[in-house]
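The block underneath contains the structure these notes are about, expressed in structure tokens.
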Protein chains: 2
Amino acid sequence: MTFDATDRKILMLLQQDSTRTTKELSLKLNLSVTAVYERVKKLEREGVVDRYVAVLNQKKVNRAFVVFCHLKLTQHAKEYLTHFEQEVVRLDEVIECYHVSGDYDYILKIFVADMEEYREFMVTKLTTLKHIGSTHSTFMISEVKNTNVITL
Amino acid sequence: MTFDATDRKILMLLQQDSTRTTKELSLKLNLSVTAVYERVKKLEREGVVDRYVAVLNQKKVNRAFVVFCHLKLTQHAKEYLTHFEQEVVRLDEVIECYHVSGDYDYILKIFVADMEEYREFMVTKLTTLKHIGSTHSTFMISEVKNTNVITL
DNA sequence: TCTGAAACATGCCAGGA
DNA sequence: TCCTGGCATGTTTCAGA
């Protein structure tokens, strides 16, 4: 799929702030409201824009303790992978989970309130899953960059 | 900061889909439009809702090759850290960067088109930064879970 | 794919319980 | 904190180029 300069600008602007109105975009782009409207609808229809979401402030909702958990399974039969994946998606604390190459099988990004809550999560939720070989937790010290915008 | 059940529901619904109108929310919550409107505005004013954004489909914009890069600096003097952090935020391919505990100093999440583009990124951008000790790249095989919603 | 206009829905504010 | 009502604004559709 290919985009012209106008589409790229629209996508940049909406990735930064999706509350911008069609009118606002039309002014920035020197186009009519309808022209912008139809481009945006097209991008939505084609699935280039997947969804619009509200991003919460992690501190304000008390989930600023971020942990990266590298995890290995005991075996790699397909049923083991599938079972683990089915279970892990159901854990609310797990914001992201990727099957990856290398020494570990999965990388998880976990949001909790503090170390105590993380301990609780590990003991009562994560390590109760079947076929978990080993885990290695890496704690976030500070967030250097965390954006949702993909520059086109 | 503490939230009642209504606030939590509003935050859940807007995290999933921020195009929901106040009217739509009011129906789901059995409240008047204005009551919902004022709660949402309060959550925005207090900074609980940080921002509203468009989420793009990585495949459709040709950035579905995801790499986690674990990175160590040669030294840990404050000026070295600061310099690295200032530079890394300017790299468009780096979507997230965290200063972390453990064997490595930083974990980066990188979006590119393919391996070739990743190689190009490493050679011409990342490893040209000063004070980089070592890097270790982990490639995403599949995305098991990737959500923005924080369950309250 | 664009412009301009008209119809419709929602956002947003006032006044009050 | 909630409600009802109303005006301003933006969204959406349509005709025409």
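Letters go in sequence order (proteins before strands), and every chain restarts at 1.
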Can you tabulate the close N/O pairs, meaning under 3.5 Å, that link protein atoms to atoms of nucleotides 14-17 of chain C?
none

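One hydrophobic cluster holds both V67(A) and V94(A) under the rule that ILVMFWY side chains link at heavy-atom gaps under 4.5 Å. Hydrophobic clustering places L13(A) together with I150(A) (ILVMFWY residues linked when any side-chain heavy atoms are closer than 4.5 Å, directly or through intermediates).
Sorted by residue number, the members of residues 19-32 of chain B with any non-hydrogen atom under 4.0 Å from DNA chain C read T21(B), T22(B), K23(B).
Rounding to whole angstrom units, CZ of residue R45(B) and C1' of dC13(C) are separated by 14 Å. If you measure from atom CG of D4(A) to atom C1' of dC2(C), you get 13 Å, rounded to the nearest angstrom. Distance OH (Y37(A)) to C1' (dT3(C)): 16 Å, rounded to an integer number of Å.
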For residues 130-139 of chain B, dump all side-chain donor-acceptor pairs below 3.5 Å to protein atoms at least two apart in sequence or in another chain.
from: S137(B); atom 1: OG; to: Y118(B); atom 2: OH; distance (Å): 2.7

In a table with atom names and distances, give each donor-acceptor pair under 3.5 Å that connects a side chain of residues 107-116 of chain B to protein atoms at least two apart or in another chain.
from: K109(B); atom 1: NZ; to: E96(A); atom 2: OE1; distance (Å): 2.7
from: K109(B); atom 1: NZ; to: Y98(A); atom 2: OH; distance (Å): 3.3
from: K109(B); atom 1: NZ; to: E96(B); atom 2: OE2; distance (Å): 2.9
from: D114(B); atom 1: OD1; to: E116(B); atom 2: N; distance (Å): 3.3
from: D114(B); atom 1: OD1; to: E117(B); atom 2: N; distance (Å): 2.8

Mind listing the side-chain donor-acceptor pairs of residues 76-85 of chain B below 3.5 Å, one per line with the distance, residues two or more places apart or on another chain?
from: H76(B); atom 1: NE2; to: D105(B); atom 2: OD1; distance (Å): 3.1
from: H76(B); atom 1: NE2; to: D105(B); atom 2: OD2; distance (Å): 2.9
from: T82(B); atom 1: OG1; to: K78(B); atom 2: O; distance (Å): 2.7
from: E85(B); atom 1: OE2; to: Y106(B); atom 2: OH; distance (Å): 2.7

Using residues 25-39 of chain B as the side-chain source, report each donor-acceptor pair under 3.5 Å to any protein atom, sequence neighbours left out, with the distance given to one decimal.
from: S26(B); atom 1: OG; to: K23(B); atom 2: O; distance (Å): 2.5
from: S32(B); atom 1: OG; to: A35(B); atom 2: N; distance (Å): 3.1
from: R39(B); atom 1: NH1; to: D4(B); atom 2: OD1; distance (Å): 3.1
from: R39(B); atom 1: NH1; to: D4(B); atom 2: OD2; distance (Å): 3.2
from: R39(B); atom 1: NH1; to: D7(B); atom 2: OD1; distance (Å): 2.9
from: R39(B); atom 1: NH2; to: D4(B); atom 2: OD2; distance (Å): 3.1

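Using a 4.5 Å cut-off on side-chain heavy atoms (C-beta onward), V61(A) and V48(B) make contact. With contacts defined as side-chain heavy-atom distances shorter than 4.5 Å, the pair E143(B)/Q58(B) qualifies.
Ion pairing between K60(B) and E46(A) fails under the 4.0 Å rule for side-chain N and carboxylate O.
Taking a heavy-atom distance under 4.0 Å as the criterion, the stretch of DNA chain D touched by chain B extends 5' to 3' from dT1(D) to dG5(D).
In the hydrophobic clustering, M12(B) connects to V149(B), either directly or through intervening members, whenever side-chain heavy atoms lie under 4.5 Å apart. Applying the under-4.5 Å side-chain rule to Ile, Leu, Val, Met, Phe, Trp and Tyr, the cluster around V53(B) extends to V53(A), V55(A), V55(B).
Among residues at least two apart or in separate chains, side-chain hydrogen bond (donor to acceptor under 3.5 Å, both in side chains) pairs with a member in residues 9-18 of chain A are Q16(A)-R20(A), D17(A)-T19(A).
With sequence neighbours excluded, no residue forms a side chain to side chain donor-acceptor pair (under 3.5 Å) with D103(B).
For the helix from dT1(C)-dA17(D) to dA17(C)-dT1(D), the terminal axes (five pairs an end, C1' atoms, rotation from four pairs onto the next four) enclose an angle of 30°, given to 10 degrees.
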